[in-house]
Amino acid sequence: MRALHILWILPYLPWPTTSGGKLRQYHLLRCLAARGHRITLLVQSKVPLDAATQAQLEPLLERLVVLERRPLRSMKTMLAGLLSPAPLLASVNGYAPAFSRTLEQLLQQPWDVVQLEHSYMFEPCRGPLRKHQGGFLLSEHNVESTLAEVTYSRLPAVFRPLARLDRWRYQRWERQVVGAARKVVAMTEDDARVLAAYSSQPVAVVVNGTDTGAFSEVVADHAARRILFVGNFEYAPNIDAVEWLLNQIMPAIWAVEPQVRLCLCGYALPAQWAERWPDQRIEWLGFVPSLQPVQASSSLFLAALRDGGGSKLKVLEAMAAGLPVVATPQAVSGLDVQRGTHYQGGVDTEALVAAALQLLANAPLAHSTGEAGRDHVRAQHDWQHSADQLEAVYAGLTCA
């Protein structure tokens, strides 16, 4: 494919890779830059651009443009959240005149592809993108209108009416943004089917991936008796997963295997959790820059997710490392994997506990499950495969 001139619009800096969305953005940028595409990255970020992030991103890009988002607790943000026709997530990222002006200036240049990540970033882009004759590609990571049930369920009862209003606002917003896009990309076939109802054409799928080469040398340590979970703990489904793990699943495992340890890794790990669950068998590692050493000293990965959209990068990385995975159906949603082959698990506490205990007791089964998951990810979810899919979408746009 010929090298393209791409304008890529993001509501966060894709480094450091502290969330699934950032992982996806960074690795797709890396793959596409290596193929010669000339990318300008326009970012509205809640944190300033630091030297380390700049040094990591600039070699991949023709140009990096970063504008800071106003503080979450600003009066404008709070008023917009209450009074705006846009949903809360869109209004938090919206009403940004400086960002709109910057985008309008950039759109005066010729672009082969203008790519907007997340429908909630559309508000400050709406005016400039309407004037852009080439249209824009929307990359939607989740069906946002159905994603926030766990977040809303955690709110005090007095805010529930606002939560219902915001769900309705996002459903309407989703229809508007998807309908305005020239082309829409989803992460999974299930999400694509939902979003296609709002689009004038089929929705493409660009799967989530992992850097399979980076995890190829990891070997799980069956003797470690250590269970691993990784997540971004600003994300409500991950918080719910930890609460389920520590309130129900791990006590049942410990009743049978009291020496088993649980290791929790990830960004924004709340400090108060160690006080809430003061068990010495829990390791509170928080964010680690490299997962491989932690994976290599773990026996299995347990993903007790009951909510969340898209496909789960934490699960893909565990499989890429050959860790046997215990998971709920939600944790492997969007992945073409089979329970009993690529992972073990089930829908409830009893099934997850039984699967974890079986893997801890059966080294050959743990090994075969881990290797089946690794083989699947190598074949279907390397980032180069995802970049191939995205380039195919680009080819359809540039040839039309």
- Item | Cluster overlap L397 with L32, hydrophobic side-chain contacts below 4.5 Å | yes

- Message: How long is the straight-line distance from CG of D375 back to NE2 of H342, given to the nearest 0.5 Å?
- Response: 8.0 Å

- Query: Near Q272 CD, under 6.0 Å, is it more than 12 heavy atoms from other residues, nucleotides or ligands?
  - Reply: yes

- Task: Please check if the side chain of R306 supplies one atom and the backbone of A241 the other of a donor-acceptor pair under 3.5 Å.
- Result: no

- Y394 reachable from M187 in the ILVMFWY side-chain graph, under 4.5 Å edges: yes

- Item | Shortest non-hydrogen separation from S139 to R24 and the atoms involved | OG-NH2, 4.5 Å

- Message: Checking W111 now: which residues fulfil ring pair (Phe, Tyr, Trp, His ring centres under 6.0 Å) with it, not counting sequence neighbours?
- Response: H5

- Query: Hey, does L49 have a side-chain heavy atom less than 4.5 Å from the side chain of L13?
  - Reply: yes

- Query: Is there a donor-acceptor pair closer than 3.5 Å between any side-chain N or O of R30 and the backbone N or O of L60?
  - Reply: no

- Separation between CD (Q115) and CG (L390), nearest 0.5 Å, reads 5.0 Å

- Query: Sequence neighbours excluded, which residues qualify as side chain to side chain contact (heavy atoms under 4.5 Å, CB included) partners of Q25?
  - Reply: W8, L10, Y12, P14, E117, H141

- Message: Within the 4.5 Å heavy-atom criterion, are V205 and T188 side-chain neighbours or not?
- Response: no

- Message: Strictly distance-based, threshold 3.5 Å: is any side-chain N or O of T210 a donor or acceptor partner for the main-chain N or O of T212?
- Response: no

- Message: Contact between L305 and K314 at the side-chain level, heavy atoms closer than 4.5 Å - yes or no?
- Response: yes

- Which distance, rounded to the nearest 0.5 Å, do you find between the OH of Y170 and the CZ of R175? 13.0 Å

- Identify whether the distance between the nearest side-chain nitrogen and carboxylate oxygen of K46 and E234 falls below 4.0 Å. yes

- Apply the test salt bridge (charged side-chain N to carboxylate O under 4.0 Å, His left out) to residues D279 and R261: give CA-CA distance (whole Å), side-chain angles for both, the deciding distance (0.1 Å), then the verdict. CA-CA 10 Å; D279 196 300; R261 294 175 293 149; over 6 Å; no

- Mutual orientation of the aromatic rings belonging to W273 and F233 [parallel < 30°, tilted 30-60°, perpendicular > 60°]: perpendicular

- Message: Would you say that more than 12 heavy atoms from the other residues, nucleotides or ligands in this model lie under 6.0 Å from the CD of Q259, or not?
- Response: no

- Note on the structure: Output for pair (D382 CG, C31 SG), nearest 0.5 Å, gives 7.0 Å

- Would L264 and I282 count as a side chain to side chain contact (heavy atoms under 4.5 Å, CB included) if you check the C-alpha gap in whole Å, the side-chain angles of each, and the deciding distance to 0.1 Å? CA-CA 8 Å; L264 295 172; I282 306 170; 4.3 Å; yes

- Test item: N232 side-chain N/O and T18 main-chain N/O as donor-acceptor pair under 3.5 Å: yes

- Shortest non-hydrogen contact between Y26 and T17, atoms and distance: CB-CG2, 3.9 Å

- Message: Has R378 got a side-chain atom pairing as donor or acceptor with A320's backbone, closer than 3.5 angstrom?
- Response: no

- Task: Grab the two heavy atoms, one from L285 and one from R226, that are nearest each other, plus how far apart they are.
- Result: CD1-NH2, 4.1 Å

- Message: With a sphere of 6.0 Å drawn around CZ of R172, does it hold more than 12 non-hydrogen atoms of other residues, nucleotides or ligands?
- Response: yes

- Between Q44 and R70, do the side chains contain an N or O donor and an N or O acceptor separated by less than 3.5 Å? no

- Item | Donor-acceptor contact below 3.5 Å, side chain K312 vs main chain Q330 | yes

- Within the side chain of S297, is there an N or O that forms a donor-acceptor pair under 3.5 Å with the backbone of V294? yes

- Could you walk me through whether V177 and Y198 pass the side chain to side chain contact (heavy atoms under 4.5 Å, CB included) check? CA-CA 9 Å; V177 183; Y198 311 145; over 6 Å; no

- Query: Does the side chain of Q380 come within less than 4.5 Å of D336's, by heavy atoms?
  - Reply: no

- Message: Just by distance, no angles: are the side chains of Q292 and S290 close enough, under 3.5 Å, to form a donor-acceptor pair?
- Response: yes

- Query: If you measure only the distance, is there a donor-acceptor pair under 3.5 Å linking the side chains of T349 and W244?
  - Reply: yes

- Run the numbers on L106 and R63 for side chain to side chain contact (heavy atoms under 4.5 Å, CB included), then give the verdict. CA-CA 11 Å; L106 286 168; R63 187 180 178 192; 3.5 Å; yes

- For T369 and Q344, does a side-chain donor sit closer than 3.5 Å to a side-chain acceptor? yes

- Query: Within a radius of less than 6.0 Å around CD of E350, do more than 12 heavy atoms belonging to other residues, nucleotides or ligands occur?
  - Reply: no

- Message: Please check: side-chain N/O of D191 versus main-chain N/O of N142, any donor-acceptor pairing under 3.5 Å?
- Response: no

- For the pair M319 and V325, evaluate side chain to side chain contact (heavy atoms under 4.5 Å, CB included) and give the outcome as yes or no after the intermediate values. CA-CA 7 Å; M319 288 183 171; V325 169; 3.9 Å; yes

- Message: What I'd like to find out is whether the side chain of V185 reaches to under 4.5 Å of the side chain of Q389, using heavy atoms alone.
- Response: no

- Nearest-0.5 Å distance that lies between atom NE2 in H37 and atom CG in L28: 11.0 Å

- Take atom CZ of R339 as the centre, draw a 6.0 Å sphere, and report whether it contains more than 12 heavy atoms from other residues, nucleotides or ligands. no

- Between F136 and F122, is the ring centre distance below 6.0 Å? yes

- Hey, any chance M1 and W383 share a hydrophobic cluster, counting ILVMFWY side chains that come within less than 4.5 Å of each other, even indirectly? yes

- Please determine, by modelled atom types, if Y120 and S91 share a side-chain donor-acceptor pair under 3.5 angstrom. no

- Query: If Ile, Leu, Val, Met, Phe, Trp and Tyr residues are connected whenever their side-chain heavy atoms lie under 4.5 Å apart, and connections chain through other members, are W284 and F301 in the same group?
  - Reply: yes

- Can you tell me how far CZ of F99 sits from OG of S45, rounded to the nearest 0.5 angstrom? 11.0 Å

- Query: Can you check whether L67 reaches V65 side chain to side chain, under 4.5 Å on heavy atoms?
  - Reply: yes

- Message: Between L245 and L302, is there a side-chain heavy-atom distance shorter than 4.5 Å?
- Response: yes

- Message: Is there a continuous path of hydrophobic side-chain contacts, each under 4.5 Å between heavy atoms, that joins Y95 to L116?
- Response: no

- Task: Just say parallel, tilted or perpendicular for the rings of H376 and H381, cut-offs at 30° and 60°.
- Result: tilted

- Message: Could you report the tightest heavy-atom contact between S299 and P324, atom names first, then the distance?
- Response: O-CG, 3.2 Å

- Message: Ignoring hydrogens, what is the shortest heavy-atom contact between L228 and S298? Give both atom names and the distance.
- Response: CB-OG, 3.7 Å

- Is E140 reaching over with its side chain to a backbone N or O of V184, donor-acceptor style, under 3.5 angstrom? no

- How about Y343 and Q338: does a side-chain donor come under 3.5 Å of a side-chain acceptor? no

In a table with atom names and distances, give each donor-acceptor pair under 3.5 Å that connects a side chain of residues 124-131 to protein atoms at least two apart or in another chain.
from, atom 1, to, atom 2, distance (Å)
K131, NZ, E104, OE2, 2.7

- Query: Do the non-hydrogen side-chain atoms of M250 and W277 ever get within less than 4.5 Å of each other?
  - Reply: no

- Item | Ion pair check, E391 and R2, cut-off under 4.0 Å | no

- Indicate the atoms forming the closest heavy-atom contact of G209 with L313, along with that distance. O-CD2, 2.9 Å

